[in-house]
Each structure stands twice: as structure tokens, then as C-alpha cells.
Amino acid sequence: MKQVITFIIALLCALCALAQTEAPDSISTHELQEIVIQAPKVIRKADMDVYHPSKSAVENSKNGMQLLRNIMIPTLTVNDALGSISAAGQSVQVRINGRVASIEQVKALLPETIKRVEWIDNPGLRYNGANYVLNVIVANPTLGGSLMLQAKPALNQKWGYYQGDAKLNIGRAQWSVGGYFKLTDEIKAHREYEETFTYPSGTSLTRKETPLGGELDNSQGAAWITYNYIKPDTTIFYVSLHANRNFSDKWQFNGLLNLSNGDDDIDLMDSSGRIGTTPSFSAYLEQHFAHKQTLVVDFSASMYAGHSYSDYVEKYPGSTHLINDIHTYIKDSNQAYGLEANYIKQWRASRFTAGVSYTANRNRSTYENLDGAVFHQRQDKAYFFAEYFHRINKVTLTGGIGAQYTSFLFKETNQGSRSWNLRPQATATYSPNRNHQLRLSFTSWQSAPSLAETNIAPQQLDGFQWRIGNPNLKTSSSYMLSLRYSYNLPRISGSFGVRGFTSPNAITPYLYWDKDRLITSYENSKGLQNISFWFAPQIEAIPSWLVISGTLQYRAERMKGNTYKLYNHCWSGDVSAMVTHWGFTLGFQYVRAQRDLWGEKISWGEDISVIDLSYNWKNWEFSGGMILPFGKYDQGSRSLSKWNTNEMHTRLDMRMPYISISYNLQWGRQKRGAQKLVEVDANADRSSAGGR
């Protein structure tokens, strides 16, 4: 511990000694004058790519999500119909003026207020382990207000999205109030599932599930009110109250089990889900001082009150006798608090950033199926970092180091762990001109065990499968080295590169037999390593008419546990095309999800396609489209364990035509929300009672 603190202090002193008293680096904003959606002007900075929306991209958008879709940033997948943003199969941290934001807050942005979009595919230490960061910069505050309304119902299913948001600007202050409701109710679903259990004796049993139907519910809503005060170049104050309600989140599958041992077929019902409410509060203060110094303080808190459940029932057809009747019901009352402070000092060609954050989670879980047994878990995380950025002619260098302390403890058993982990990071960028850039970067981060992975309460999944957490897990570390080349050519831009990743002690599930029970638990494995190659172009195929963007990625990986070694390789990617003319916009998108190896299982997300046609008229936008116009919905996994090999495909009736109507009313001129340079994480954890 003393060595870590001494090292950080020495690093801070050394970096401060390199400081130069010059004006800050900045990029001026220029309005583009295109009359159709075109590839936007891209400025390759050392630590980000900056995109300026074209005039027609703004005119053909009615909210922030639609504008991000119209910009068509290479490697970025924006699905407005389903409300998701991802990149190369990984999550993207979305920010508005520097503060972490939700998809709903992005949808509440007026396109006219968005001045530029910063795409950061190599986030620094202050982003605390994010894969990618998308920062939307909106207009400076002035007087005015706005009202935004959107309704998007499906025509053949109980599915839809509805949102409203109103903003009122009074001097330097802005009030915002809004809410949304997402309906997903009784969507037809079924599961294709087959598995083989191998016992330590060498005998085996195969179970094949013939689907007999099922359904998905996933309805949720939220309401928010925010206030911010902005005195330009001096003070920013931001307060937000937010409440999210998960009304129904349920999977249910019905099937007929056929057993290889000759036993009679078995009817089964497998269902799991959760319901809960999460109120949250955040407060933010940013103060600018002389000599281009900034101090940022952010506080957030959230609570979660809800329950998760799983039900697994087996019986012979036509019989009332139950072979297995398994029910898990967990009530959570969890809290989270976070506090972060950053110091930023800028010069003409340099920037120094240092910060500290603390997050506390207090979880209380009551297992009703275990006679009301109560489990308490405490988790504390402290993070310190310092980072220095310096530009020398055509070369830019960034280096820094972070240190994370993690502690978690189960009150009932006094089990837990404590650990310190270092987080080094470095980037070298060479830019011979504005159209070409070569970047080599090394990043690292830590992942703490979750509540579900450490909770020792046994959960029965079916007739002989159980799940038990491991309270002795250690925080895992991950390291990534990437080389990327970016280019801007006439009518084509994009990037390609290679990325290597390793997590030598990744927290992964593993299986073992305990008498006649097959247990799923968790371990610090012997590591995951993978290498990825990607190519992401954006092409103006027909000037003033057609823009095409896409990503193609190949990944090869190896996973080693304490009792296994597995390999995986796959292709993944996406393609988007947009045609714009006479006020109409026709868009198409297809995504093939990445197949990820983790532990003894390969999992994949949604393979999805969307087609959409919209028309803008004054303050209105009318559109219609279809989710999954071709192909078959597929989300699933394949287990490679020597004790349990299985393959599962989840199918949904997702071929849904929909219509969308949006209305924007504006008066005066708009102002942006508070520019939040940091965001402390304080998300209340929750239990999981998921089934097979």
C-alpha cells in the first residue's frame, strides 16, 4: 500500500514538472452546408474522432438517437427502433456534455442543439474501464424551451415505445421533466434446447426439449426531473431525480422433455424474471479557476427494491403429480453511493488529469424459498488515477496509472476479500495530416465480483442442477493492446486495425459434481486471451443519395480454467445503408452478433435486421418500418463443459411492422444540460434467480 501511494505521488510530481503554460487545445465548430445526409466532416484528434452533423442530417432527425443514426459513425451501431447503441459487439458508454447519460436522455435531445459528436474508441483512465465512449456536445445555454413527444407502436404485437420531455430555460437555469414507457407484453417465444450430462462414472444422460411455446414480457418505464445552473466559464451546477420501474421482466418456456434412458416424456415449465423500482439522485458541481484549472465533484445515490424469481416444474403429461417443483424467490433491498472528484489542468499542447472516487454498495437479500433466510453483502471500491497528455508536432503521447482498492464482505459468514490492483495505460498517436492517423494504445482495467457471483445461498435450477456463489473470488484484471489506422479519402472514410486482449484471472463460471448434484459456481480462471481484426468503412456510394457504413470483425480466442482449455473463433459485424431524397429517408440495418467465449460457454446476442422509411414535415416526423424483415431471431448459447454439453436457441416472434409519430415544438433558443466532465458510478446491485 505504501509503495502504491509513493509511486502515485512521484508520478504526479513528475507529470506536473512537464507542464507548459500555454493556451488550451481546441477545435472550432463549423456548420456544414450540405443539403443531403452525407458522411460528416471527421476531425482526427489524438484522443478522439470529432464528427460535425450536416445540415440535412439535423433536418431529417427528430431526436438525438436519430441524429446519431444519420451520422453513421464507422464501427458504431445505433438501433433507434430497439433503443440500443453498441460497437463491435461491445457496450458503449454514452455521455452528454461529458456526463454519463441513458438512451432515453439521448432521445430527449433536440437535433438542432447537437453541435458535434466525440467518438472515443480508446478511453482514458478517467472513464474507468469503458470499452467505448460516445460524447454528445450540445448547444450553449440561451433562453427558450421545447416539447418533444414520440409514439412508436407495433401493429401486430403488444410492443411499443412512448416518450415525452419538456425543457424550460430561465436565465442561466434550465428545468427539464420527462418520462418514457416501453411496452413488451406476451411476445410469443420458444426455446430449442438439447443437453447431455456426463457423470463422474462415465455414464451419460441426454435430454432433448421439444418446444411447446412460451412468452416474453419486458415492460418498463421511468420519470425524471432535472435542474441545472450554468455560468459560462465559471460554474456549472446540476441536480437530477430519476425513478425507474421494471413492471414486468419475464421469460417463460414450455416444452416436452425426451430422455435418452427410456423414461416417459416429461412436460416442463421454466420461467424466470424480476420486478423492481430504482429511484436515484445525482448532484454535480464544476468550478473553473484561473490558469485553466478545473475542479469537478460528482455525487450519486440509488436504491433498488424488488424481487427476482424462477420457477421450474416437471410432470408427466396428463398427470397432476409433480416430478420437480422448484421455486426461487429473492427480495432485494439494496443501496449504492458514489463520490468522485477530478482535477484538470490544461496547457496549449498538454493536459493533466487526476482523480479519486469511492463507491459503496450495501445489499440485503431475503430468500423466501429458504424460510426467509437473509444475506447481507458490503462492497467498497476506491479508485485513484493520474494521466498526462502531451503533443509534440505530429506525435501525441498519453500516459497514466490508476490504482483500485476493492473490498467485499458477507456479514452472515464473515467471508470476503480485499485487494489492490494497478491500472497502467499508455497511447502513442502519429498524425501526418488531418486525413491519416496511426494509433498504438495499451489499456487495463479491473472487474469486481458481482452479488450473484459471490452469494453463497444455494439456488436450485432444475431436478439436479444448482448454483452457488463463491465469496473467495478476487477482483480480476484485464489488459488490451490495439493498433488502429484511420483515414479520410474522397467519398470514403473509416478505420481498420488489430486488437489483443488478455484477462489472466477472469471471473468465470465452472461446473462440478457434488454427489448427485451438478453445481455451477465461479472461479478466478487461468485466463482468457483473444485477438481481433476489424475493418470499418463508410462510403458515399451515390453522392447526395446513398451512404453505406459497416464493420467486419474476426476474433480468435482461448479460455483456460482450472480443469479445461477451450478455443473459439467467429466472424461478426453490421451494415447500415441510408438513402435520402425529397424529404424522405430510407434506412436499412443488419447486425450479426459476436459469439463470445466465457468460461465453458459460447454465447451470442441478437442477430437482428431493421428497415425504416420516414418523412419530415414541419414539426412532425412520420415513419414506418419493420423489425426483422428477413431471417430468424436467434439468441443463445452453447456449453462446452465435459460434465454438461448443451446448445440453446431462444426464438422470438420479432417480425414486427411498426409506425412512429414524433412531434417537436420549440420556442426561443435552446440551452444544453449541465456539462458534466465526470460521472461517479452508484448503481444499486440486484440478485438474480435465473433458471437454466
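Note: hydrogens, waters and symmetry copies are ignored here, and every other heavy atom, side chains too, is used.
Using modelled atom types, one finds a donor on one side chain and an acceptor on the other under 3.5 Å when comparing Thr277 with Arg245. When only modelled atom types and interatomic distance are considered, Gln425 and Arg423 share no side-chain donor-acceptor pair under 3.5 Å. Between the side chains of Gln293 and Tyr343, at least one donor N or O sits under 3.5 Å from an acceptor N or O. Side chains of Arg362 and Gln335: no donor on one and acceptor on the other come within 3.5 Å. Side chains of Gln404 and Thr406: a donor on one and an acceptor on the other come within 3.5 Å.
Closest heavy-atom contact between Thr366 and Val374: OG1-CG2, 3.9 Å. Nearest approach of Thr454 to Phe410, heavy atoms of both residues: O-CE1, 2.9 Å. Nearest heavy atom pair, residue Asp462 against residue Ile326, reads O-CD1, 2.9 Å. The shortest heavy-atom contact between Met559 and Gly599 is CG-O, 3.3 Å. The shortest heavy-atom contact between Asn421 and Ser477 is ND2-OG, 3.6 Å. The two residues Gln460 and Thr328 make their nearest non-hydrogen contact at O-OG1, 4.0 Å.
Note: Tyr180 and Trp224 have tilted aromatic rings, judged against thresholds of 30 and 60 degrees for the angle between ring planes. The aromatic rings of His307 and Tyr309 sit tilted relative to each other, their planes meeting at an angle between 30° and 60°. Using a 30° and 60° split on the angle between ring planes, Tyr162 and Phe181 fall in the parallel class, below 30°. Phe375 and Tyr367 have perpendicular rings, their planes meeting at more than 60° on a 0 to 90° scale where under 30° would count as parallel. In this pair, Trp119 and Tyr132 present their aromatic rings parallel. The plane angle is below 30°, not in the 30 to 60° band.
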- Message: Between Phe464 and Trp513, does the side-chain contact (heavy atoms from CB on, under 4.5 Å) criterion hold? Intermediate values first, please.
- Response: CA-CA 10 Å; Phe464 51 88; Trp513 285 99; 4.2 Å; yes
- Between Asn342 and Phe385, is a side-chain contact (heavy atoms from CB on, under 4.5 Å) present by the stated rule, with each step listed? CA-CA 9 Å; Asn342 282 186; Phe385 79 91; 3.9 Å; yes
- Task: Begin from the C-alpha positions of Asn131 and Ser91 and carry the test side-chain hydrogen bond (donor to acceptor under 3.5 Å, both in side chains) through to its verdict.
- Result: CA-CA 7 Å; Asn131 298 311; Ser91 62; 3.2 Å; yes
- Message: Apply side-chain contact (heavy atoms from CB on, under 4.5 Å) to residues Ile456 and Glu412 and explain how you reach the verdict.
- Response: CA-CA 10 Å; Ile456 60 175; Glu412 282 69 25; over 6 Å; no
- Thr650 and Trp251: side-chain contact (heavy atoms from CB on, under 4.5 Å), yes or no, with the steps? CA-CA 10 Å; Thr650 300; Trp251 286 95; 3.3 Å; yes
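With contacts defined as side-chain heavy-atom distances shorter than 4.5 Å, the pair Tyr161/Lys107 qualifies. Contact annotation: the side chain of Asp380 approaches that of Tyr358 to within less than 4.5 Å [non-hydrogen atoms, C-beta and beyond]. Taking 4.5 Å as the limit, every side-chain heavy atom of Thr427 sits out of range of all side-chain heavy atoms of Asp47. Contact check for Val297 versus Gln287: no side-chain heavy atoms found under the 4.5 Å cut-off. The shortest distance between side-chain heavy atoms of Asp121 and Thr75 does not fall below 4.5 Å. At least one side-chain heavy atom of Tyr284 sits under 4.5 Å from a side-chain heavy atom of Val296. Counting heavy atoms from C-beta on, the side chains of Gln379 and Asn363 never come closer than 4.5 Å. The shortest side-chain heavy-atom distance between Ile103 and Ser84 does not fall under the 4.5 Å cut-off.
Once rounded to the nearest 0.5 Å, the distance linking CD of Gln220 with CG of Leu183 reads 11.0 Å. Distance check, rounded to the nearest 0.5 Å: CG of Asn244 to CD of Glu104 gives 8.0 Å. To the nearest 0.5 Å, the span separating CZ on Arg364 from OG on Ser333 amounts to 6.5 Å. Rounded to the nearest 0.5 angstrom, Leu511 CG and Leu640 CG are separated by 11.5 Å. We find the CD1-CG distance between Ile187 and Leu652 to be 7.5 Å, quoted to the nearest 0.5 Å. Here the straight-line distance linking atom OH of Tyr329 with atom OG of Ser310 works out to 12.5 Å at 0.5 Å rounding.
Under the 3.5 Å distance criterion, the side-chain polar atoms of Lys411 are left unmatched by any main-chain donor or acceptor of Arg378. Of the possible polar contacts, one joining the Asn470 side chain to the Tyr522 backbone as a donor-acceptor pair under 3.5 Å is found. A donor-acceptor contact shorter than 3.5 Å is absent between the side chain of Ser240 and the backbone of Ser282. Not one N or O on the side chain of Asp217 forms a donor-acceptor pair closer than 3.5 Å with the backbone of Ser248. In this structure a side-chain-to-backbone donor-acceptor pair under 3.5 Å is missing from Gln446 to Tyr405. Between the side chain of Glu387 and the main chain of Leu125, a donor-acceptor pair closer than 3.5 Å is present. Between the Glu557 side chain and the Phe501 main chain, no donor and acceptor come within less than 3.5 Å of each other. Within the 3.5 Å criterion, the main-chain N or O of Asn505 finds a donor-acceptor partner in the side chain of Asn524. Remark: the backbone N or O of Pro424 is paired with a side-chain donor or acceptor of Ser444 at under 3.5 angstrom. When atom types are taken as modelled, the side chain of Ser639 and the backbone of Asn644 share a donor-acceptor pair closer than 3.5 angstrom.
By the 6.0 Å contact criterion, CZ on Arg418 is open, its count of non-hydrogen atoms from other residues, nucleotides or ligands being 12 or less.
Salt-bridge annotation for Arg274 and Asp332: absent, with no side-chain N of the basic residue lying under 4.0 Å from a carboxylate O of the acidic one. Ionic pairing of Lys250 and Asp185 is not present here: no N-O contact between side-chain nitrogen and carboxylate oxygen is shorter than 4.0 angstrom.
Of the options Ser419, Pro449, Ser450, a side chain to side chain contact (heavy atoms under 4.5 Å, CB included) to Phe408 is made by Pro449 and by none of the others. Here the options are Arg638, Lys601, Arg555, the test is salt bridge (charged side-chain N to carboxylate O under 4.0 Å, His left out), and the partner is Asp596; only Arg555 passes.
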